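As a basis for the values below, the full set of heavy atoms in this structure was taken, side chains included, without hydrogen atoms, waters or symmetry mates. All values reported here derive from a predicted model rather than from experimental measurement. Throughout, numbering of the chain's residues begins at 1 and tracks the sequence.
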Amino acid sequence: MRRAARKRTTRQLEQVFKALQGDHTHPFAHEIYQRVHKKLPRISLATVYRNLHSLVDEGKIRTLLLDAQGVRFDPETSQHDHFVCERCGRVVDLFLRQVRPVDLSSLAKQGYVVTTHTLTVHGMCQVCAARRTSRSQRPARRLRKDRWSPPGQKDGVR
């Protein structure tokens, strides 16, 4: 009987994992690298990637591919969904009640093997929505008469 290979815990692996703990921003690998590089100046980006993939394989973190920008890493391993702000790119964990289960039986009939699924909601986060609202509630700027006149009118006179 063959023994399962035991993964060695290294300083690099510990620092990469530590850099993600409590981080709900879903950072990219290069952002994690910048954090770890402060503690371990000789670490390479390739080592950070290798350790991130080890952590994913061990089930300690999850990968998140939301768009063409690349893979993000998520320390929250419980089943959850995500909200993506289309303005600022912020990604927020959603823990929605599963009121209506998704019927994936048609995929199984077509030969697909579904292991999990997630929901990604796109829109504007609370911060961007508040900025948009506050901008629309500001009084319109008055135009100076000497700067612009609507077509067909002269000297800004209506």
Side-chain angles (χ1 to χ4, degrees), residues 1-139 141:
M1 185 170 166
R2 193 174 154 204
R3 272 190 185 177
R6 192 168 203 194
K7 296 252 179 185
R8 194 176 75 159
T9 302
T10 63
R11 263 185 331 155
Q12 291 92 343
L13 183 68
E14 287 174 359
Q15 288 299 318
V16 169
F17 188 56
K18 191 175 180 180
L20 271 165
Q21 294 308 297
D23 184 348
H24 300 286
T25 66
H26 306 82
F28 294 101
H30 69 273
E31 294 171 311
I32 297 164
Y33 165 75
Q34 290 171 345
R35 296 173 194 170
V36 174
H37 188 262
K38 291 175 184 175
K39 302 263 184 188
L40 301 173
R42 295 183 59 175
I43 196 166
S44 69
L45 182 58
T47 300
V48 170
Y49 268 108
R50 193 169 36 259
N51 283 291
L52 285 168
H53 290 293
S54 290
L55 291 167
V56 170
D57 290 344
E58 293 173 24
K60 292 184 176 180
I61 64 172
R62 293 171 51 179
T63 57
L64 188 58
L65 184 59
L66 299 171
D67 51 32
Q69 288 183 339
V71 176
R72 291 174 175 250
F73 294 90
D74 189 353
E76 180 59 58
T77 57
S78 66
Q79 183 63 37
H80 66 283
D81 301 305
H82 295 95
F83 180 90
V84 180
C85 181
E86 295 173 339
R87 279 220 167 146
C88 68
R90 178 178 293 138
V91 180
V92 179
D93 290 330
L94 297 177
F95 297 93
L96 303 172
R97 239 179 25 162
Q98 299 295 331
V99 177
R100 188 177 52 155
V102 177
D103 182 8
L104 302 173
S105 60
S106 63
L107 292 173
K109 290 176 186 171
Q110 295 174 35
Y112 292 95
V113 177
V114 177
T115 56
T116 186
H117 79 280
T118 60
L119 170 72
T120 304
V121 180
H122 296 262
M124 266 194 290
C125 69
Q126 296 162 326
V127 174
C128 290
R131 284 184 192 148
R132 180 179 179 196
T133 303
S134 67
R135 283 187 192 139
S136 65
Q137 292 176 350
R138 286 186 205 156
R141 285 189 354 191

Can T63 and F73 be said to form a side chain to side chain contact (heavy atoms under 4.5 Å, CB included), step by step? CA-CA 5 Å; T63 57; F73 294 90; 3.8 Å; yes

Candidate pair R90 and T25, rule side chain to side chain contact (heavy atoms under 4.5 Å, CB included), full reasoning: CA-CA 7 Å; R90 178 178 293 138; T25 66; over 6 Å; no

Side chain to side chain contact (heavy atoms under 4.5 Å, CB included) for R131 and R87? Distances and angles first, verdict last. CA-CA 11 Å; R131 284 184 192 148; R87 279 220 167 146; 5.6 Å; no

Audit row: H26, D93, side chain to side chain contact (heavy atoms under 4.5 Å, CB included) steps and yes/no: CA-CA 9 Å; H26 306 82; D93 290 330; 2.6 Å; yes

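The minimum heavy-atom distance between K60 and T77, with the atom names listed, is O-CG2, 3.3 Å. Between I61 and P75, the shortest heavy-atom contact is CG2-CA, 4.1 Å. Looking at every heavy atom in both residues, F83 comes nearest to M124 through CZ-O, 3.4 Å. Contact record, L52 with A29: CD1-CB, 3.8 Å, taken as the closest heavy-atom pair. Residues V16 and N51 share a closest heavy-atom pair of CG2-CB, 4.0 Å.
In this structure, L94 and L119 have side chains that are not in contact, with every pair of non-hydrogen atoms separated by 4.5 Å or more.
In this structure, CD on E14 lies 10.5 Å from CG on L55, to the nearest 0.5 angstrom. Taking CG of L64 as the reference point, atom NE2 of H82 lies at 4.5 Å (rounded to 0.5 Å). Taken from CG in L45 to CD in Q34, the straight-line distance is 9.5 Å, to the nearest 0.5 Å. A distance of 10.5 Å separates CG in L65 from CZ in R72, rounded to the nearest 0.5 Å.
Residues R62 and H80 bring a donor and an acceptor atom of their side chains to less than 3.5 Å of each other.
The environment of F95 atom CZ is dense: over 12 non-hydrogen atoms of other residues, nucleotides or ligands sit within 6.0 angstrom. No more than 12 heavy atoms of other residues, nucleotides or ligands sit less than 6.0 Å from atom CD of Q126.
For residues 22-44, every residue pair satisfying the salt bridge (charged side-chain N to carboxylate O under 4.0 Å, His left out) rule, not counting sequence neighbours, is listed here: D23-R35.
Side chain of Q79 to main chain of H117: a donor-acceptor pair is present (N/O by atom type, distance under 3.5 Å, no hydrogens or angles).
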